[in-house]
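Presented below is the structure to which this report refers.
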Amino acid sequence: MVSQQQTKDSGSKKLGMVAPQDKSSKEMKSSKKMKFASSSAETEQTSQTTISDDSKTGRGMSTMPRVVKRKLQKLRPIVEYNKRGKGIGQAHSEMQSYIGVLARSRVPLVDMKWSQIPKDVKEQIWEAVDMAFVVGQEGKKSVLTSAAKKWKDFKSTLTRHYILPYTNDKEKLSHPPETYKFIEKAQWDAFVASRLSKDFESVHSQHAQIREKLEYNHRLSRKGYAGLEDQLEETMPGVEIDRSTLWKRARQDKHGNIPDPKVAEKAKLIDELQKQVSEGKVRVDGSKDVLTMALGPEHPGRLRGVGAGISQGSISIYPNHRGLALTTV
């Protein structure tokens, strides 16, 4: 049985842990190797097998065949977590892509909320992920939360790219998109009808207005805040990566510039505050940190600069470790 225990040393190389290597960020990014735990019943202890995954896929409809192949080989990549309990690394990235495949193909395309989806469908998604990746029972909630978001995003993509642009072209709307052939026609027809209704038009308009009011949009890729923090820890060893640094870096382009003038102004203020803190002129205390001083108080139920799922009440739960060690009992 595989159990999890927290590592006390970020550099520890305990059995099954994906520890950071002494590589440049470029090498880390280009690496295609991951460590795996065997799920074979005949295996007496967790084995570490390194497999080079040279398969490349585009950003179109993915079926993640390499994940299916590894499941047949009874090999599961070990998902690593950062100090806040957020998944990082290639195994986590692949798991997220696989969750997306499951959410699109196994959850019915219906006009309802995730909470209304049958529990057995959600359980099937969790079991499929658990069979393909070493994530731990405590990761079930985050897996299903991710599936809910990806299912919602999928419906949004279909609406924006395959329905609303063709409201006056019935022929275009008569069949599911070629990219998503797994969608049943009856479900597609019902979904199209729901998106062309007056009720949806009203909701869509309200959401568009809310979106326009959002400030300080980030420029993060799929790695998210957790991946960004992991990257900065590799490239800035010995430097404490706080929320303000993550917030600022998440809004820079690939050249380190901040195109948005409003964001640039806040980033400059963050730099000034960080300098004053280092000089002892300004003191940070609890929820009053550099980012809060620069942007103002946090909204209830959320925490800026760390990604979704982290709140003020939960941020202190996770100890300062880079991952979870996996051992056999």
Side-chain angles (χ1 to χ4, degrees), residues 58-64 95-126 128-129 140-222 224-225 250 260 262 299-304 307-311:
R59 294 293 293 139
M61 177 58 187
S62 172
T63 57
M64 302 294 289
M95 182 181 73
Q96 290 300 315
S97 295
Y98 187 52
I99 292 173
V101 171
L102 296 172
R104 290 190 297 267
S105 60
R106 296 199 181 187
V107 184
L109 183 63
V110 290
D111 184 31
M112 60 173 59
K113 297 180 179 179
W114 178 257
S115 59
Q116 298 172 300
I117 297 298
K119 291 183 179 180
D120 63 324
V121 174
K122 299 175 184 177
E123 195 64 27
Q124 288 173 15
I125 292 177
W126 161 244
V129 172
K140 182 176 182 178
K141 181 178 179 180
S142 64
V143 166
L144 293 182
T145 297
S146 178
K149 184 180 185 305
K150 287 174 171 56
W151 181 64
K152 182 179 179 180
D153 290 345
F154 177 51
K155 295 196 295 181
S156 178
T157 296
L158 292 175
T159 302
R160 288 184 291 109
H161 296 290
Y162 298 99
I163 298 179
L164 295 184
Y166 307 107
T167 53
N168 296 320
D169 190 341
K170 292 185 178 180
E171 179 62 28
K172 281 279 188 180
L173 298 178
S174 61
H175 297 284
E178 283 293 317
T179 307
Y180 307 109
K181 295 181 179 181
F182 57 84
I183 299 177
E184 297 179 3
K185 188 177 186 308
Q187 288 186 7
W188 173 253
D189 291 342
F191 185 71
V192 169
S194 72
R195 289 308 187 253
L196 297 181
S197 68
K198 292 293 183 181
D199 290 340
F200 178 79
E201 183 179 343
S202 176
V203 172
H204 181 68
S205 177
Q206 291 176 10
H207 287 177
Q209 292 176 15
I210 294 173
R211 182 68 182 83
E212 290 177 357
K213 294 179 181 179
L214 294 179
E215 294 182 296
Y216 316 134
N217 294 310
H218 66 70
R219 303 170 66 88
L220 286 171
S221 62
R222 297 175 68 208
Y225 275 106
D260 189 322
K262 289 184 178 180
H299 296 287
R302 52 174 280 198
L303 198 64
R304 293 167 295 198
I310 303 295
S311 65

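Considering every non-hydrogen atom in both Ser174 and Glu171, the closest pair reads OG-O, 2.6 Å. Taking every heavy atom of both residues into account, Trp188 and Leu109 meet most closely at CE3-CD2, 4.1 Å. For His161 against Tyr166, the heavy-atom pair with the smallest separation is O-CE1, 3.6 Å. Of all the heavy atoms in Ala147 and Ile125, the pair that sits closest is CB-CG2, 4.3 Å. Of all heavy-atom pairs between Leu144 and Trp114, the closest is O-CZ2, 3.8 Å. In this structure, Leu158 and Ile183 approach most closely via the heavy-atom pair CD1-CD1, 4.1 Å.
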### Task
Would you sort out whether Tyr162 and Thr179 count as a side-chain contact (heavy atoms from CB on, under 4.5 Å), showing the intermediate values?
CA-CA 11 Å; Tyr162 298 99; Thr179 307; 4.0 Å; yes

### Task
Would you sort out whether Val110 and Ile117 count as a side-chain contact (heavy atoms from CB on, under 4.5 Å), showing the intermediate values?
CA-CA 9 Å; Val110 290; Ile117 297 298; 4.1 Å; yes

### Task
Kindly determine whether Ser146 and Lys150 satisfy side chain to side chain donor-acceptor pair (under 3.5 Å), including the steps that lead there.
CA-CA 6 Å; Ser146 178; Lys150 287 174 171 56; 2.8 Å; yes

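Sorted by first and then second residue, the salt bridge (charged side-chain N to carboxylate O under 4.0 Å, His left out) pairs with a member in residues 180-191 read Glu178-Lys181, Lys185-Asp189; sequence neighbours excluded.
Atom-to-atom distance recorded for Tyr98:OH and Met64:CE is 8.5 Å, nearest 0.5 angstrom.
Classification of the Tyr180-Phe182 ring pair by plane angle, with boundaries at 30° and 60°, yields perpendicular.
With sequence neighbours left out, the salt bridge (Lys or Arg N to Asp or Glu O under 4.0 Å) criterion links Lys149 to Asp153. Partners of Ser194 under the side-chain hydrogen bond (donor to acceptor under 3.5 Å, both in side chains) rule, at least two apart in sequence or in another chain, do not exist in this structure.
Distance alone, capped at 3.5 Å, is enough to place a donor-acceptor pair between the Thr159 side chain and the Lys155 backbone. A distance-only check finds a donor-acceptor pair linking the side chain of Trp151 to the backbone of Pro108 [under 3.5 Å].
Cation-pi geometry between Lys122 and Trp126 is not met: the NZ or CZ atom fails to fall both under 6.0 Å from the ring centre and inside 45° of the normal.
Salt-bridge check for Asp111 with Arg195: passed, with a basic side-chain N closer than 4.0 Å to an acidic carboxylate O.
Dense packing is recorded around CG of Asp169, with more than 12 heavy atoms of other residues, nucleotides or ligands lying under 6.0 Å away.
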